[in-house]
Amino acid sequence: MMILLVATLGLIAAAILALWPSPGDRAHRTPAAAIAEPAETARPTCLEGVLAAQLVGGDITRPQYLRAIERLAARDEERHPLAVPRDDRLA
């Protein structure tokens, strides 16, 4: 029982030490430098992502977004029609 208690306390202490910030981390970052750093944002890589980002950002309205997605789906259907293979088991 004592071994289990010591092992548990050791794991808790190791977790606290691993998560505790070191003094050197705060010395190099001032509040002004933290504000001046640009935030990394993920950029959309497809048209659907761009449209979703515009919708969330308030650049386009929901009906505009839906119309754009409809046109995109229609264009995709023209370029790459879905061909379903025949099922000979039904005949």
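All values below were derived from every heavy atom in this structure, side-chain atoms included, with hydrogens, water molecules and symmetry-related copies excluded. On a predicted model such as this, the values are computed, not experimentally measured, just so you know.
With a 4.5 Å cut-off on side-chain heavy atoms, Arg71 and Asp76 do not count as touching.
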Determine, step by step, whether Leu55 and Leu51 satisfy the side chain to side chain contact (heavy atoms under 4.5 Å, CB included) criterion, reporting the C-alpha distance in whole Å, the side-chain angles of both residues, the deciding distance to 0.1 Å, and the verdict. CA-CA 6 Å; Leu55 178 66; Leu51 289 170; over 6 Å; no
Run Glu77 and Leu72 through side chain to side chain contact (heavy atoms under 4.5 Å, CB included) and show every step you take. CA-CA 9 Å; Glu77 177 62 28; Leu72 183 61; over 6 Å; no
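The minimum heavy-atom distance linking Pro44 with Gly49 is given by the pair CB-C, 3.4 Å.
For Leu5, the CG atom sits in a packed shell: over 12 heavy atoms of surrounding residues, nucleotides or ligands are nearer than 6.0 Å.
Considering only residues two or more places apart in sequence or on other chains, Leu17 meets the side chain to side chain contact (heavy atoms under 4.5 Å, CB included) condition with none of them. Glu48 is linked by a side-chain hydrogen bond (donor to acceptor under 3.5 Å, both in side chains) to nothing, counting only residues two or more places apart in sequence or in another chain.
By the criterion of side-chain heavy atoms lying less than 4.5 angstrom apart, applied directly or through intervening Ile, Leu, Val, Met, Phe, Trp or Tyr residues, Val50 is not grouped with Ile60; the two fall into different hydrophobic clusters.
How far CG of Leu11 is from CD1 of Ile16: 11.0 Å, rounded to the nearest 0.5 Å. We find the CZ-NE2 distance between Arg75 and His80 to be 9.5 Å, quoted to the nearest 0.5 Å.
Under a 4.5 Å side-chain heavy-atom cut-off, the cluster of Ile, Leu, Val, Met, Phe, Trp and Tyr residues that includes Met1 has no other member.
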